[in-house]
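Here is the structure we will look at.
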Amino acid sequence: MNYDAVIVGSGPAGSVTARFAAEAGVKVLIIERRTEVGVPVLCGEGVSQKVDNFNVLEGKRWIATKMKGARIISPNGATITLSAEYAGNETGYVVYRDIFDQELARGAVQKGAEIMLNTCAINLLKKNGKIKGITAQHFDETLEIEADVVVGADGVESRVGKWAGIQTTLKPYDLETCVQYTLTNIDWDSPYCDFFLGKHVAPGGYVWVFPKGKDVANVGIGVLASLSEAGKAKQYLDKFIAARPELKKGEPLRVITGADPVAEPIQSVKDNLLLVGDAARQVDPITGGGLMHAIEAGKYAGQTIANAVVKQCFDMQTLSEYEIQWKNAFGKKLHRNYVAKEIILDMEDKTLDMLADSLKDYKFEEFSTLSIIKALVTKHPSLLVKLTPLMKLARA
Ligand SMILES: Cc1cc2nc3c(=O)[nH]c(=O)nc-3n(C[C@H](O)[C@H](O)[C@H](O)COP(=O)(O)OP(=O)(O)OC[C@H]3O[C@@H](n4cnc5c(N)ncnc54)[C@H](O)[C@@H]3O)c2cc1C
């Protein structure tokens with residue numbers, strides 16, 4: 001088995017990388033340990049409408065609901081609204097993540113990529129000390145898949161980076177423990193994705209309610225692993241639901257548990273190797289959202305691989321074009337939001353209430369850290385000192 005590139009993982013990062021590489025004539029294989037692309041779903045399924053800009057999804061089958069906006073709700077109920085009226089495509093879709101992932105994979109195949117399911121990468125294949133592909137378990141067979149480039153698009157539990165000697169270990173401080181129910185028979189007919197904050201609601205994280213139609217919603221929680229113990233996330237979520245009659249009568253269609261990295265990105269390039277998406281920790285440290293970055297980084301990774309194939313040069317310097325591109329696109333934002341995460345973690349519930357209360361009528365045109373800081377400093381000049389480092393990062 002011989003390819004230009006072998007991609008480990010058929011999530012959004014893997015499929016989009018494969019699509020852009022294959023489109024440029026690269027011989028690509030995606031290997032996926034699961035038996036079905038996108039299944040089981042481990043996601044809140046919220047994504048910005050900016051996903052349309054990438055032209056990687058056909059039709060509308062993957063959309064469950066088009067949202068009018070998002071709301072952030074402080075512990076005492078003060079609500080900041082980001083509405084489509086002011087924020088355009090900053091607002092989002094709630095998607096069917098299984099169909100979403102399958103459509104991304106279908107797009108890659110249409111451009112010429114191949115996929116092997118039930119194929120688990122077990123190590124890097126090396127020749128003369130150089131990475132030269134992947135060893136994988138496919139049913140009862142152990143395969144050696146040769147390739148000039150290996151792409152680790154293997155998600156939060158990524159092993160590919162570790163095998164290549166990259167430090168991938170996540171500290172509890174940088175990991176959200178998540179639980180989510182997809183509830184039906186609820187009275188939550190809302191056009192908004194809701195985020196509930198507070199130390200007593202979700203320590204170091206938030207509860208989300210993402211509607212998927214009239215009487216169905218994803219109701220989930222992420223709590224920072226360093227502020228929680230095993231089983232606590234579910235207890236917090238059950239308490240949140242029990243306190244709301246409109247959710248309490250719901251029954252689950254699906255329950256999931258998972259982990260979401262809220263870390264700073266790690267090294268994403270080595271000779272003959274790239275890491276993309278959650279594997280490279282390209283997740284927003286505040287929201288835990290990683291779909292948009294996985295797709296955008298996948299595009300740059302695929303294009304970089306295509307250029308490397310033309311040059312027949314796969315060293316770190318050539319592949320660094322990918323790291324430069326994704327860092328230019330959203331590297332600063334990830335760093336800034338990591339710093340912001342630390343400031344938010346420090347805040348008492350009453351501070352969150354005060355801040356949310358003062359911003360509740362603010363007309364946000366975008367939901368960036370800079371726009372929130374500007375609004376806060378306008379309302380509370382006394383916060384200027386505390387927020388200046390963040391403001392500098394946001395402007396950089
Ligand atoms: C509970 C929860 C809710 C979330 N909600 C949202 C949300 O609402 N919006 C948002 O933007 N983000 C959300 N995220 C984050 C989002 O799911 C990830 O950022 C996104 O899936 C990253 O895509 P990816 O392609 O990098 O990784 P993944 O989608 O995780 O794909 C990795 C793939 O690699 C495969 N794989 C792993 N190891 C191997 C191996 N050894 N061999 C072969 N295949 C392998 C896996 O089976 C998987 O299919 C959430 C995360 C969690 C845990």
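Every number for a ligand or one of its atoms is a count from 1 in the order of the listing.
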**OP:** For the residue pair Glu58 and Gln110, establish whether any side-chain heavy-atom pair is separated by less than 4.5 Å.
**Re:** yes

Original post:
Is there a heavy atom in Glu32 that sits closer than 4.0 Å to ligand 1?
Top reply: yes

**OP:** Measure centre to centre between the rings of Trp62 and Tyr93, then say whether the value is under 6.0 Å.
**Re:** yes

Original post:
Does ligand 1 have any atom that is closer than 4.0 Å to a heavy atom of Glu176?
Top reply: no

**OP:** State whether Glu264 and Arg281 are salt-bridged, where the test is any N-O pair (Lys NZ or Arg NE/NH1/NH2 against Asp/Glu carboxylate O) under 4.0 Å.
**Re:** no

Subject >> Shortest protein heavy-atom distance from atom 8 (O) of ligand 1, along with the residue and atom involved >> reply: Gly46 N, 3.0 Å

**OP:** Could you tell me whether ligand 1 has any atom less than 4.0 Å away from a heavy atom of Gly220?
**Re:** no

Subject >> Shortest protein contact, atom 19 (O) of ligand 1 (heavy atom only) >> reply: Asp278 OD1, 2.7 Å

Original post:
Which is closest to atom 14 (N) of ligand 1 by heavy-atom distance: Gly288, Pro40, Ala294?
Top reply: Gly288

Subject >> Donor-acceptor pair, side chain of Asp284 and main chain of Ile286, under 3.5 angstrom >> reply: yes

Original post:
For Val16, does its backbone N or O pair with a side-chain atom of Lys299 as donor and acceptor, under 3.5 Å?
Top reply: no

Original post:
Less than 4.5 Å apart, any side-chain heavy atom of Leu29 and any of Ile145?
Top reply: yes

Original post:
Among protein heavy atoms, which sits nearest to atom 32 (C) of ligand 1, and what does the distance come to when rounded to 0.1 Å?
Top reply: Ala153 O, 3.4 Å

Original post:
Are Leu42 and ligand 1 in contact, using a heavy-atom cut-off of under 4.0 Å?
Top reply: yes

Original post:
Arg34 near ligand 1, heavy-atom distance under 4.0 Å?
Top reply: yes

Original post:
Heavy-atom distance to atom 37 (C) of ligand 1: which of Thr119, Asp101, Asp154 wins?
Top reply: Asp154

Subject >> Qualifying residues under side-chain hydrogen bond (donor to acceptor under 3.5 Å, both in side chains), relative to Lys132, sequence neighbours excluded >> reply: Asp148

**OP:** With heavy atoms of Gly155 as the reference, note each atom of ligand 1 found under 4.0 Å away.
**Re:** 27 (O), 30 (O), 32 (C)

Original post:
Considering only heavy atoms, which of Thr287, Asp260, Thr177 lies nearest to atom 51 (C) of ligand 1?
Top reply: Asp260

Original post:
Say you draw a straight line from OG1 of Thr184 to CZ of Arg254; how long is it, rounded to the nearest 0.5 Å?
Top reply: 12.5 Å

Original post:
Nearest to atom 36 (N) of ligand 1, what protein heavy atom do you find, and at what distance?
Top reply: Arg33 NE, 3.7 Å

Original post:
For ligand 1, which part of Glu45 has a heavy atom less than 4.0 Å away: the side chain, the backbone, both, or neither?
Top reply: backbone

Subject >> Main-chain N/O of Gly155 paired to Asp278 side chain as donor or acceptor, under 3.5 Å >> reply: no

